[in-house]
Chemist: 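Below are the structure tokens for one structure; questions will follow.
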Amino acid sequence: MSENRVALITGAGRGIGAEIARTLAADGCDVAIVDYAEESAASETLEKLAACGVRARYYRCDVSDFAATKAVVDAVVREFGKIDILVNNAGITADKLLLRMEEGDWDRVLSINLKGCFNLIKHVTPYMMRKRYGRIVSISSVVGMMGNAGQANYAASKAGIIGLTKSVAKEFGARNITANAVAPGFIRTAMTDALSEEQKQAMYKLIPLGSLGETQDIANAVRFLVSDDARYITGVVLKVDGGMYI
Ligand code: NAD
């Protein structure tokens, strides 16, 4: 399906991004990981990618840095020859009720979660336009549609990704570049593992399918949206949330 494609995936050192990287690599994609953690933190992910027999490289970069992301995108194209797929996955939280939220909490979350997507899309699309091919998937959240007490900054950033995605879909459709978003609900990660049994039970009550999602559920949605099966799909927000937000 994705044979010989090159995918640039942000925040893929661990968590959901690492699962997306492994899943696309298993389909034969070469993978460029862009993450601001030390490369050593991604060694397990890089080993799994190598085991898929694809080319994989790690680029240490903060997605909120406009100039640095340009340099990385140029380097990926130099080293891999092209970028077919961009997955904007890097994201952080800095949860606080608005009454206690500092300006810095707002700026940091918006600049990584939302401006980071802008930076990568801005730098990657000129290359995609030349090839008249591109698949862009950005990871939003159901919280971007529902809102969430204590997450005004995060919810705003994830809602912003939806507006950005729909606009990019309209601007680049004629160039055969699609832009879609995936909105995960609660996914089993280190963060959710740390919750108490009581907190988990409270969460399950909100989810019609009655359990947390797995990172693979998100990776499967991304795999579909970048595949030829999704060639006529652009500007959508695919919720992968067990029915949490209907
Ligand atoms: P995670 O914290 O496990 O991984 C995030 C990765 O992004 C890390 O490797 C981190 O180093 C990297 N990163 C953070 N800031 C960066 C920056 N400025 N530049 C480059 N890389 C950076 O998170 P996760 O749970 O795997 O979440 C991945 C994405 O999915 C995020 O956008 C998150 O908001 C979204 N999401 C997660 C859930 C969930 O339940 N885990 C739910 C909805 C949405």
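One-based numbering, in listed order, for ligands and for the atoms of each. In this chain, numbering begins with 1 at the start of the sequence shown.
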Chemist: Should Ile187 be counted as touching ligand 1, given the test is an N or O pair under 3.5 Å?
Modeler: yes
Chemist: Measuring from atom CG of Leu195 to atom CZ of Arg188, what distance do you get when rounded to the nearest 0.5 angstrom?
Modeler: 11.0 Å
Chemist: Run the numbers for me: atoms of ligand 1, each under 4.0 Å from some heavy atom of Asp62, listed by number.
Modeler: 17 (C), 18 (N), 19 (N)
Chemist: Show the atoms of ligand 1 that are less than 4.0 angstrom away from any heavy atom in Ile92.
Modeler: 14 (C), 15 (N)
Chemist: For ligand 1, does Asn89 get within less than 4.0 Å through its side chain, its backbone, both, or neither, judged by non-hydrogen atoms?
Modeler: both
Chemist: Nearest non-hydrogen contact with atom 5 (C) of ligand 1 belongs to which option: Gly15, Gly91, Cys61?
Modeler: Gly91
Chemist: What protein heavy atom is closest to atom 9 (O) of ligand 1, reported as residue, atom name and distance in Å?
Modeler: Asp35 OD2, 2.6 Å
Chemist: Among Arg14, Glu38, Arg108, which residue places a heavy atom closest to atom 3 (O) of ligand 1?
Modeler: Arg14
Chemist: Can you hop from Trp106 to Val63 via hydrophobic side chains spaced under 4.5 Å?
Modeler: yes
Chemist: Once you measure the plane-to-plane angle for Phe80 and Tyr59, does it fall in the parallel (<30°), tilted (30-60°) or perpendicular (>60°) bin?
Modeler: tilted
Chemist: Run the numbers for me: atoms of ligand 1, each under 4.0 Å from some heavy atom of Ser140, listed by number.
Modeler: 44 (C)
Chemist: Would you say atom 23 (O) of ligand 1 touches the protein, meaning some protein heavy atom is under 4.0 Å from it?
Modeler: no
Chemist: For Ala90, counting its heavy atoms only, list the atoms of ligand 1 lying under 4.0 Å from any of them.
Modeler: 7 (O), 21 (N), 22 (C), 32 (O)
